[in-house]
Each structure stands twice: as structure tokens, then as C-alpha cells.
Colleague: 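Before anything else, here's the structure in question.
A note on names: the letters A, B, ... follow the listed sequences, proteins ahead of strands, and every chain is numbered from 1.
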Protein chains: 2
Amino acid sequence: MKKKRISITDIAYALHVTPSTVSRALNGGGKVSEKKRLEIIALAKELGYRPNPIAKSLLENKTHTIGLIIPEFTHHFYSRMLAGIESVTSKAGYQLLICTSNENQNQEIKSTLTLLDARVDGILATISKMNDKFEHLQEVLDSGTPLVLVDRFSEEIETPYVISDDFKGAFSAVEYLCQNGCRNILHIKGPDNLSTTFNRFMGYKEALRKHEIELNEHLILEGSDPDLFEKITSCMKNHPLDGAFTYSDYLAFEIYKVASELKIPIPEQLSVIGYADEPISTYINPTLSTVNQQPFEMGVLGAKYLLNRIHDPTIAMETSRVETKLILRESCRNLNN
Amino acid sequence: MKKKRISITDIAYALHVTPSTVSRALNGGGKVSEKKRLEIIALAKELGYRPNPIAKSLLENKTHTIGLIIPEFTHHFYSRMLAGIESVTSKAGYQLLICTSNENQNQEIKSTLTLLDARVDGILATISKMNDKFEHLQEVLDSGTPLVLVDRFSEEIETPYVISDDFKGAFSAVEYLCQNGCRNILHIKGPDNLSTTFNRFMGYKEALRKHEIELNEHLILEGSDPDLFEKITSCMKNHPLDGAFTYSDYLAFEIYKVASELKIPIPEQLSVIGYADEPISTYINPTLSTVNQQPFEMGVLGAKYLLNRIHDPTIAMETSRVETKLILRESCRNLNN
DNA sequence: ATTGCTTGGTCAAACGTTTGACCAACATTC
DNA sequence: GAATGTTGGTCAAACGTTTGACCAAGCAAT
């Protein structure tokens with residue numbers, strides 16, 4: 001029941017000229033008298049003519065659409081990233097075609113195929129957690145479709161990427177703890193196989209090394225451990241903990257729970273720093289110090305890199321490790337005041 | 001630099017048949033010998049042929065794409081709604097084209113035009129807050145493009161919609177407070193001009209009326225008041241408050257802050273219920289009772305209505321007022337246990 | 001009068017696909 | 001031997017747009 005939109009040929013017919021002339025009048029390609037040009041433009045306006053981008057796409061082999069593959073929408077990080085992406089693509093006149101992978105590799109592969117089928121001009125992807133296959137991404141590259149990876153990347157796939165500087169982010173957090181008197185710092189790690197988990201852990205280790213604190217294996221826990229609460233509890237009981245750095249703000253909250261149970265005051269006896277600057281960090285008590293990854297900016301950058309690549313595929317690969325910001329709130333002791 | 005994808009004519013040429021034959025072989029339209037059919041299918045597979053949906057769109061005047069206009073991504077409500085929408089559209093084989101309005105009417109109008117230009121098969125929209133013009137939406141309808149409004153709607157525009165039952169949601173929350181001994185219940189209202197603000201307020205009033213509690217104007221505050229904290233404080237000091245119902249979880253948190261300042265224990269002395277079931281509600285202390293609006297389900301429903309309309313535009317208009325769920329957590333007294 | 005240039009157009013192909021109309025070859029029926 | 005039906009195809013139009021090639025008319029220069 002969709003109404004037929006008026007086309008260039010309709011205008012041509014009405015004015016007894018050919019579609020070519022109408023096209024040139026509307027796009028300013030010359031070869032049309034001033035009088036006809038005005039006539040055509042007037043009629044086009046009157047009839048509410050709007051060019052059909054589908055026809056143009058077919059001809060130009062371009063869709064002015066970019067595809068996005070994102071694990072999910074609900075984490076604050078991704079919605080901010082999405083907002084950043086949207087802000088630049090919409091300004092550049094590009095449409096955004098969105099697919100979710102649900103952190104599921106098969107769905108990611110399917111989404112990739114869908115976007116390729118849709119002939120998007122480029123793809124922006126955050127690869128899913130448990131990714132061990134990369135053929136589908138290689139296929140994107142092979143097809144000549146520009147690809148930019150955001151947030152997570154793999155060395156297996158040679159393409160521009162924008163990631164957060166997890167190492168430095170973790171390092172700055174743990175160094176702050178060290179500088180403010182912490183010597184026994186717990187770390188709760190993130191999901192296995194994720195470069196972010198690894199890099200944050202490395203940042204933790206490096207900060208300890210720099211401040212000549214020996215690494216204590218007992219102070220390192222796995223966030224995915226089903227007995228995490230008990231593990232934290234026994235860790236707190238058996239070690240003179242004075243600091244904690246966790247892979248996420250949610251894991252930091254687990255520490256809050258145990259500390260509350262054991263009546264260990266934060267920050268007086270235990271300084272805590274989380275990661276990601278989720279909204280909850282300003283609402284829990286005490287407010288949580290954390291590491292902000294600037295997801296909006298990451299999205300902006302990723303989208304820009306992609307557009308650059310679309311406009312000139314021979315351009316040198318642009319990659320960024322986005323700086324993090326240490327956000328200090330009530331959960332940390334500060335020796336200086 | 002995008003590689004040319006292999007087309008139906010390439011296959012036709014290689015096999016010395018016409019494109020028509022290839023098309024029929026691939027789509028099973030008969031008129032092709034079994035032998036040729038298998039040959040064609042084999043070659044298509046070998047060459048990695050994938051049909052070009054752009055060409056099909058041009059022919060069919062359908063894009064298998066639905067447009068989404070959403071105010072923003074960062075509120076949990078919208079990201080859940082988006083997830084719900086995506087879950088049904090992707091299953092139905094539809095692409096999702098996303099635009100944000102940033103709660104800005106001009107941008108909403110622009111987005112609408114963009115989607116119409118893109119020839120989407122239907123539009124799903126959450127109209128922006130300060131909406132007083134509806135011509136653009138009427139234009140969508142006039143163009144014959146199915147439109148479904150989600151979360152917010154206007155009587156000016158006659159189309160299917162899915163909204164949350166704010167009245168009942170508020171009513172159930174306030175009634176719960178009444179049933180559990182509260183007689184002096186504070187209400188903090190939402191933004192002006194929003195039907196949700198009005199309806200939640202009406203629900204509040206109706207619950208009081210039903211439980212024969214007289215409405216006290218002094219117990220009703222504006223969430224947008226810059227001196228909200230002070231207003232709440234003086235309200236708590238001057239009235240024997242025993243309950244509070246707020247337009248949002250964030251406003252409920254303001255009450256937490258004041259209560260903490262005044263050393264009023266929640267829920268022992270004051271029961272609090274928020275609205276929206278934002279993630280923070282399970283992380284603040286005590287955990288916050290709230291009203292869940294089932295945004296995921298709203299998205300699912302909206303998308304389904306739209307798809308139904310796309311498949312049969314003459315179908316009767318489907319609208320829903322989605323039930324809310326009262327989520328009881330630690331912030332409310334319960335007389336029964 | 002011939003050549004050459006400019007202006008203002010038209011024509012046709014192209015993009016990839018589908019589909020109704022047509023058609024030749026062959027088999028069947030009377 | 002003529003009419004009819006079936007099988008396995010081809011042809012061309014259509015969707016809306018752009019664009020290179022062509023062309024006629026008018027004019028100026030030789």
C-alpha cells in the first residue's frame with residue numbers, strides 16, 4: 001500500500017523532456033537551458049520529488065550505509081559508544097545499520113554476512129568475547145569493504161582499530177593506590193581470552209613492580225568464579241588487604257558487599273577502584289573511584305577512521321589506543337588531604 | 001576499491017544461458033532442466049554468489065529495512081527497548097536503520113525525512129519530549145509507510161502504539177505503600193508536559209483516594225526543582241512522612257540522600273518506591289523497590305505490530321498498554337513478615 | 001560554401017534482478 | 001498429417017538514476 005513516489009521520469013514526461021535532462025537540471029550537470037532548468041526545479045519541488053537512493057546505489061555500488069556489529073546494547077559502555085558513532089555518521093550523511101552479536105560468535109558471523117549482503121559501505125565491529133575464528137572478518141576485508149574494530153581487536157586481522165588503553169588505565173589506578181599507601185592490593189580479573197582482561201592485569205602487575213611490591217598470587221581472583229564472594233571473604237580475612245582494583249565496577253561492588261559483611265570500612269581501611277565508570281559508580285556508597293574509558297570518544301574515532309577509509313581505501317591504517325581517565329571518588333584514601 | 005560481487009549475469013555468461021534462467025534456477029521458478037539447474041546452483045555456490053538486495057529493492061519497492069527513531073541510547077529503558085526491537089526484526093529478516101532525535105524536535109523531523117528517503121518499509125518511533133508538531137509523522141502515514149509509536153504517543157496521530165501503563169504502575173506502587181501502613185506519602189513528579197508524568201501522578205492520587213487518604217499538596221514536589229534537596233529536607237522535617245513514591249529511580253535516590261542526612265532509616269521509618277527499574281536500583285543501599293516497565297517487551301510488541309502492518313496495511317490497528325511489574329526490594333516495609 | 005564551435009538537448013547503456021510473453025523442439029493424440 | 005500439449009529455454013521490459021556518446025541548430029570564422 002506504499003504510495004508510489006514521484007520519479008524523475010514522471011517529471012520528464014510532464015514537461016516533455018527526457019529523464020536525462022531532468023537529472024542534469026536537478027544535479028547541475030549543464031546542458032540544459034536556464035529556462036528549462038527553472039521549470040524542472042519548480043515542478044520537482046511542487047510534486048515533492050525526492051531522489052531514490054536505491055537506484056543510485058545500484059548504479060554507484062555504494063549505499064551510504066555503514067554496518068555496526070555490537071555485542072549488546074545494555075551495557076553503558078556500548079550505548080555511549082553507539083551514541084558517539086551515530087553522532088559522526090549522521091553528520092556525514094551515512095545511515096547506520098545495526099546488528100547485535102549477543103557475544104555469540106555464530107551470530108556475529110551471521111551478522112557480518114547480513115551486512116555484506118546489504119552492501120554496506122563499511123563495517124564497524126566490536127568482536128564478541130569468545131572469538132577464535134576470524135574468517136568472516138577476513139572475508140569482509142577480502143570483499144574490499146573497509147572494516148574498523150572498536151574496543152576489542154585481534155592481531156589476526158589487519159585493519160584499523162580503536163581500543164582503550166587498558167594497560168595504562170589499570171596502571172594509573174593501581175599506581176594511585178600504591179602512592180596512597182596501599183601495599184596489599186587485591187585484583188579481580190575479567191573474562192578469560194579477552195585482551196582487556198590481560199592488559200588490565202598487566203597494568204596491575206607493572207604498577208606493583210614499579211613500586212617494588214611483590215606480586216602475591218593469593219590476591220588475584222577470577223571474576224567468573226562462582227564462589228567469588230567466599231573467595232573474596234577468605235582473602236580479606238587471611239591477608240592485610242588495604243587496596244583493591246577490579247576488572248569492572250560490578251566486581252568492585254562485590255568487594256563492597258564483603259567489606260560491609262566483615263565491617264571493613266571503605267576507604268578508611270580499604271581503598272577500592274573499579275573500571276568502566278558505569279552509572280552505578282556514583283550511586284553506590286561510598287561512591288566508587290573508577291577508570292573512565294571515554295566510550296563516546298572511542299565511537300567517534302572509530303566512525304571517523306571508517307569514513308576516512310571509505311573515502312580513500314588506500315589511506316594509511318589509523319589506529320588509536322584511547323587514553324583513560326582515572327576518576328577519583330570516595331572509595332579511595334588520599335594521603336594528601 | 002570495493003570488489004565487484006559476482007552477479008547473476010556473470011553466472012549466465014559462464015554457462016551460456018540467460019540471466020532469466022539463472023534466476024529461475026536459483027529461485028525455483030521452474031522452466032529449467034534438472035541438469036542445468038544443478039549446474040547453475042553448483043557454479044553459484046562455487047563463485048560465492050549472493051543476490052543483490054538493492055536490485056531487488058528497486059524492483060519490488062521494498063527494502064526489508066525498518067527505521068527507528070529513538071531519543072537517545074544511554075537510558076537503560078531505551079537500550080532495553082532497542083534490544084527487544086532488534087530481537088524480533090532480526091529474526092524476521094529485517095534490517096534496522098537507526099536515527100536519534102536527542103529529544104530535539106528538529107532532529108526528529110530530519111530523521112523522519114531521512115528514513116522516508118531511504119524508503120524504509122516501516123518506522124518505529126519514540127517521539128521526543130517537547131513535541132508539538134506532528135506534520136512529519138502525518139507525512140509518514142500519508143506516504144503509506146506503516147508507523148508505530150512506542151513509549152510516548154500523541155492523540156494527534158492515528159497509528160498503532162505501544163505504551164506503558166503508567167497509571168496502573170504508579171497506582172500499584174502507592175497502593176502497596178498504603179496497604180503496608182503508610183499514610184503520609186511524598187510524591188516527586190517528573191518533567192512537565194509528559195503524559196507519563198501526568199499519568200503516574202494520577203495513579204498516585206487514585207491510590208490515595210481509594211485508601212481514603214487525603215491529598216496533601218505539601219507532599220508533592222517537582223523533580224526539576226533546582227532546590228529539590230532542600231525541599232525534600234524541609235518536607236521530611238515538617239511532616240510525619242512514612243512513604244515516598246518518585247517519578248524515577250534517580251529521584252528516589254535523592255530521597256535516600258536526604259534520609260541519610262536526617263538519619264531517617266529506610267525502610268523502618270520511611271518506605272520508598274522508585275520507577276523504571278534502572279540498574280542502580282539493585283546497587284544502592286538499601287536496594288530500591290521500583291516499577292518495572294518491561295521495556296524489552298515493549299520493543300518486541302512495537303516491532304511485531306509494525307511487521308504486521310507492513311505485511312498487511314489494512315489490518316486493524318493494534319495498540320497496547322503494557323502492564324508494569326512492581327518490584328519489591330529492601331526499601332519498603334512489609335507488614336506481613 | 002565549407003569548417004568548426006557552442007548550446008541544448010536526446011538516446012541508450014548500465015547497475016542486478018524478476019517475470020510475463022514468446023518460441024522452438026519434441027511428444028502425444030486423434 | 002494436423003492439432004495440441006509439454007519442456008526448456010530466450011527476450012525484453014521494468015524498477016530509478018546517471019552519463020558518455022551522439023546530434024541538430026545556430027553562429028562565427030575562413
Colleague: Is it the case that the base of dG9(D) and the side chain of R37(B) share a donor-acceptor contact (distance under 3.5 Å, atom types as modelled)?
Modeller: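 Flag unset: no donor-acceptor pair detected.
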Colleague: Using whole Å, report how far CD1 of I40(B) lies from C1' of dT18(C).
Modeller: 15 Å
Colleague: Of the nucleotides dC11(C), dA21(C), dT18(C), which has the atom closest to the L59(B) side chain?
Modeller: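 Of the candidates, dT18(C) comes closest.
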Colleague: Between T18(B) and R50(A), which has a closest nucleotide on DNA chain D that is more 5'?
Modeller: T18(B)
Colleague: Strictly by modelled atom types, are Q107(A) and S101(A) linked by a side-chain donor-acceptor pair under 3.5 Å?
Modeller: no
Colleague: According to a strict under-4.0 Å criterion, is S23(A) in side-chain N/O contact with OP1 or OP2 of dT17(D)?
Modeller: no
Colleague: To the nearest angstrom, how far is I8(A) atom CD1 from dC15(C) atom C1'?
Modeller: 16 Å
Colleague: What's the CD1-C1' distance between I54(B) and dT18(D), to the nearest Å?
Modeller: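 About 16 Å, once rounded to whole Å.
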Colleague: Between dT18(C), dG16(C), dC11(C), which one does the side chain of L58(A) approach most closely?
Modeller: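 Selected nucleotide (nearest to the side chain): dG16(C).
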Colleague: Less than 3.5 Å apart, any donor N or O on the side chain of T74(B) or E72(B) sitting next to an acceptor on the other?
Modeller: yes
Colleague: Just how far, in rounded Å, is P of dG8(C) from CD of E34(A)?
Modeller: 9 Å
Colleague: Out of dC11(C), dT18(D), dT17(C), which has the shortest distance to the side chain of N52(B)?
Modeller: dT17(C)
Colleague: K3(B) NZ to dG16(C) P: how many Å, rounded?
Modeller: 16 Å
Colleague: Out of dG16(C), dG8(D), dT19(C), which has the shortest distance to the side chain of S33(B)?
Modeller: dG8(D)
Colleague: If you assign P19(B) and A55(B) each to the DNA chain D nucleotide with the nearest heavy atom, which residue ends up on the more 5' nucleotide?
Modeller: P19(B)
Colleague: Using a 4.5 Å cut-off on heavy atoms from C-beta on, say whether the side chain of Q95(A) contacts that of H64(A).
Modeller: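 SC-SC contact between H64(A) and Q95(A) ruled out.
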Colleague: May I have the distance from H16(B) (atom NE2) to dG8(D) (atom P), rounded to whole angstrom?
Modeller: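 Atom-to-atom, H16(B) to dG8(D), this comes out as 21 Å.
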Colleague: With a 4.0 Å cutoff (strictly under), does any side-chain N or O of T21(B) reach OP1 or OP2 of dT10(D)?
Modeller: yes
Colleague: Do side-chain atoms of R152(A) reach the backbone of I127(A) as a donor and acceptor pair under 3.5 angstrom?
Modeller: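 Confirmed, R152(A) side chain pairs with I127(A) backbone.
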Colleague: Check whether any side-chain nitrogen or oxygen of K56(B) sits under 4.0 Å from OP1 or OP2 of dG16(C), and answer yes or no.
Modeller: no
Colleague: Compare side-chain N and O positions of K36(A) against OP1 and OP2 of dG9(C) and report whether any pair is under 4.0 Å apart.
Modeller: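 Answer is yes, contact under 4.0 Å.
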Colleague: By nearest atom, which of the nucleotides dT18(D), dT17(C), dG9(C) is closest to the V32(A) side chain?
Modeller: dG9(C)
Colleague: Side chain of R24(B), base of dT10(D): donor and acceptor closer than 3.5 Å?
Modeller: yes
Colleague: Taking 4.0 Å as the cut-off, does a side-chain nitrogen or oxygen of Y49(A) come that near to OP1 or OP2 on dT17(D)?
Modeller: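 Indeed, a polar side-chain atom of Y49(A) lies that close.
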Colleague: How long is the line joining CG of N27(A) and P of dT19(D), in whole Å?
Modeller: 8 Å
Colleague: What I want to check is whether an N or O donor and acceptor connect the side chain of S20(B) with the base of dT19(C) at under 3.5 Å.
Modeller: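 In this structure, the two groups form a donor-acceptor pair.
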Colleague: Between dT17(D) atom C1' and L26(A) atom CG, what is the distance in whole Å?
Modeller: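 Atom CG in L26(A) sits about 11 Å away from atom C1' in dT17(D).
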Colleague: Establish whether the base of dG9(D) is bridged to the side chain of K31(B) by a donor-acceptor pair shorter than 3.5 Å.
Modeller: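 Check passes, donor-acceptor contact within cut-off.
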Colleague: Might you confirm whether atom CD of E158(B) has over 12 heavy atoms from other residues, nucleotides or ligands at distances under 6.0 Å?
Modeller: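 For E158(B), atom CD is not crowded (no more than 12 foreign heavy atoms under 6.0 Å).
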Colleague: So do D10(B) and K4(B) actually touch side chain to side chain, heavy atoms under 4.5 Å?
Modeller: yes
